[in-house]
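Have a look at the structure below before the remarks.
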Amino acid sequence: MFKRLFGRAPADPPGEASKAPAAQRADALLRRLEWTVLRRLDGLLQGHYKTLMRGSGLDLADLREYQLHDDVRHIDWNVTARLQQPHVRVFTEDREMAAWFLLDLSPSVDFGSGEQRKSDVLLQFTAVLARLISGQGNRVGAMVYGSQGRARVETMLPARGGRNHVLRLMQMLMPRPTAKEAVPAGEAATRLGDLLRSAVFTVRQRSTVFVVSDFISQPGWERPLGELARRHDVVAVRLVDPLELDLPDLGLIPIRDAETGEQIVVDTHDKGFRQRFARIAAQREAQLRESLARAGVDTLELATDEDLADAVLRFVDLRERRVRQGAGGRPMPTQLPRRTREGVRA
């Protein structure tokens, strides 16, 4: 069974829209998202600022007993010694924050079984969140990995504010009609840990960090993700397509490894094969969820067949409940229920 099961779906010849300059296409897409998605989120997220962007200020607001998932760096040792009970300082959160998007555009992200690819969802999510965050007076930056098919960080956009900055970020992510150069298989295998390690050294000021990826990668990314989460408020945004979790009966179909180019033909009419596929997919799901929980990050799952605004609202609601349960401390890992083929979350 391939580790990266699907490549890019066959694309139609580029139309007039794809031939337009990237700046025009980015502006048109952002205007559409502002009208369709941001318009819905803008009113519904009022009052959820601290849930979406959790800051760390310098003004002492209160002292309270230490709770699970609190940052040990905020322990007040004098009060702890006097009361014989660990206490932490609570600070007034900054209103101006920086958000960073660590964007995985490796070949496995360029797949979709329906109208949208995972790369389309990545672009729309990044545009919506960047515009939403920068609209509050915050700055957004980005690191782009694997956009040319090579396993490396290819672009870094410094954290700045404003709509034009968001448009520049979108232009970096817009698909280009020109064909990509052939990349040796060894250079195409995704190593997500390289992106996360680069972010550890690049993002110095405490920020909200969105790691947007399908997390189909060579092993070794868990440790740098945990290091990043110890310094920043990290949200793992996982891109998923329903066909990656459960294969329907489609008869004989070709399956191509998006990163090595290797291709085989499988018989999905074979019930035993579909069951083995589902079992392996379920095992990978469980391992991935365990790794993300162990790193202590919040998790948002974005499916290619799901409404983006609904997914963001559901995540914010779950995260807000976690924050309340933590009594103001660091939120506990938020895991969204697993998606099924019928669209029901178990």
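In this text, all values refer to a predicted model and were calculated from it rather than measured experimentally. For the numbers below, each heavy atom of this structure counts, side chains included, while hydrogens, waters and symmetry mates do not.
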Original post:
Is there a side-chain contact (heavy atoms from CB on, under 4.5 Å) between Asp104 and Asp214 once you walk through the steps?
Top reply: CA-CA 8 Å; Asp104 172 16; Asp214 58 6; 3.7 Å; yes
**OP:** Determine whether Leu308 and Leu302 make a side-chain contact, defined as any pair of heavy atoms from C-beta on separated by less than 4.5 Å.
**Re:** yes
Subject >> Salt-bridge contact Arg31-Asp27 (side-chain N to carboxylate O under 4.0 Å) >> reply: yes
**OP:** Measure the CZ-CZ distance between Arg223 and Arg294 for me, rounded to the nearest 0.5 Å.
**Re:** 12.0 Å
**OP:** Kindly give the heavy-atom pair with the smallest separation between Pro248 and Leu243, and that separation in Å.
**Re:** CD-CD1, 3.2 Å
**OP:** Count the heavy atoms belonging to other residues, nucleotides or ligands that lie under 6.0 Å from CD of Glu115, then report whether that count exceeds 12.
**Re:** no
Original post:
Can you check whether Thr304's main-chain N or O pairs, donor with acceptor, with Gln116's side chain at less than 3.5 Å?
Top reply: yes
**OP:** Using a 4.5 Å cut-off on heavy atoms from C-beta on, say whether the side chain of Thr190 contacts that of Ile216.
**Re:** no
Original post:
With side chains defined as the heavy atoms from C-beta onward, is the minimum distance between His165 and Leu157 less than 4.5 Å?
Top reply: yes
Original post:
Got a donor-acceptor contact below 3.5 angstrom from the Thr208 side chain to the Asp233 backbone?
Top reply: no
Original post:
Which distance, rounded to the nearest 0.5 Å, do you find between the OG of Ser119 and the CE of Met174?
Top reply: 11.0 Å
**OP:** Determine, stepwise, if the pair Phe215 / Leu292 fulfils side-chain contact (heavy atoms from CB on, under 4.5 Å).
**Re:** CA-CA 10 Å; Phe215 291 90; Leu292 293 173; 4.2 Å; yes
**OP:** Report yes if the side chains of Tyr66 and Thr80 come closer than 4.5 Å at any heavy-atom pair, otherwise no.
**Re:** no
Original post:
With no hydrogens and no angle check, is any side-chain donor or acceptor of Arg274 less than 3.5 Å from a backbone partner on Asp246?
Top reply: no
**OP:** Answer yes or no: is there a donor N or O on one side and an acceptor on the other, between the side chain of Ser207 and the main chain of Trp100, under 3.5 Å?
**Re:** no
Original post:
When rounded to the nearest 0.5 angstrom, what distance separates CG in Asp307 from OG1 in Thr36?
Top reply: 9.0 Å
Original post:
Do the side chains of Ser213 and Leu122 get nearer than 4.5 Å, heavy atoms only?
Top reply: no
**OP:** Heavy atoms only: give me the nearest Ala26-Gln171 pair and the separation to one decimal.
**Re:** CB-CG, 3.9 Å
Subject >> Whether Phe101 and Phe210 hold their rings parallel, tilted or perpendicular, with breakpoints at 30° and 60° >> reply: parallel
**OP:** Could you tell me whether the side chain of His232 and the main chain of Val200 form a donor-acceptor pair under 3.5 Å?
**Re:** no
**OP:** Heavy atoms only: give me the nearest Ala295-Ala229 pair and the separation to one decimal.
**Re:** O-CB, 3.6 Å
**OP:** Walk me through it: do Glu244 and Lys118 pass the test salt bridge (Lys or Arg N to Asp or Glu O under 4.0 Å)?
**Re:** CA-CA 11 Å; Glu244 296 172 325; Lys118 290 184 285 185; 2.5 Å; yes
Subject >> Nearest-0.5 Å distance, CZ of residue Phe111 to CG of residue Leu239 >> reply: 13.0 Å
Original post:
What is the distance from atom OG1 of Thr202 to atom CE of Met143, rounded to the nearest 0.5 Å?
Top reply: 4.0 Å
Subject >> Gln263 to Pro254 - nearest heavy-atom pair and separation >> reply: NE2-CB, 3.6 Å
**OP:** Indicate the atoms forming the closest heavy-atom contact of Gly220 with Arg197, along with that distance.
**Re:** O-NH1, 3.9 Å
Original post:
Going through the distances and angles, do Glu301 and Arg314 end up as a salt bridge (Lys or Arg N to Asp or Glu O under 4.0 Å)?
Top reply: CA-CA 10 Å; Glu301 183 180 282; Arg314 183 178 64 252; over 6 Å; no
Original post:
Is any side-chain heavy atom of Met172 closer than 4.5 Å to a side-chain heavy atom of Leu103?
Top reply: no
**OP:** Taking Arg131 for its side chain and Arg163 for its backbone only, find out whether a donor-acceptor pair lies under 3.5 Å.
**Re:** no
Subject >> Asp120 (side chain) donor-acceptor with Arg117 (main chain) under 3.5 angstrom >> reply: yes
Subject >> N/O donor-acceptor pair under 3.5 Å between Thr268 side chain and Leu250 backbone >> reply: yes
Subject >> Single-linkage hydrophobic cluster, 4.5 Å side-chain cutoff, Leu252 and Ile264 together >> reply: no
**OP:** Find the distance between CZ (Arg206) and CZ (Arg204) and round it off to the nearest 0.5 Å.
**Re:** 14.5 Å
Original post:
Quick one: is the NZ or CZ of Arg32 closer than 6.0 Å to the six-membered ring centre of Trp35, and within 45° of its axis?
Top reply: no
Subject >> Residue pair Phe277 / Leu245: nearest heavy atoms and the distance that separates them >> reply: CE2-C, 4.0 Å
Original post:
Is there a donor-acceptor pair closer than 3.5 Å between any side-chain N or O of Asp241 and the backbone N or O of Ser113?
Top reply: yes
Subject >> Test salt bridge (Lys or Arg N to Asp or Glu O under 4.0 Å) applied to Arg231 and Glu227, step by step >> reply: CA-CA 7 Å; Arg231 180 180 300 172; Glu227 292 176 7; over 6 Å; no
**OP:** Apply side-chain contact (heavy atoms from CB on, under 4.5 Å) to the pair Val297 and Val211, showing each step before the final yes or no.
**Re:** CA-CA 10 Å; Val297 301; Val211 183; over 6 Å; no
Subject >> Test item: Tyr145 side-chain N/O and Arg191 main-chain N/O as donor-acceptor pair under 3.5 Å >> reply: yes
Original post:
Any side-chain heavy atom of Leu132 within less than 4.5 Å of one from Val312?
Top reply: no
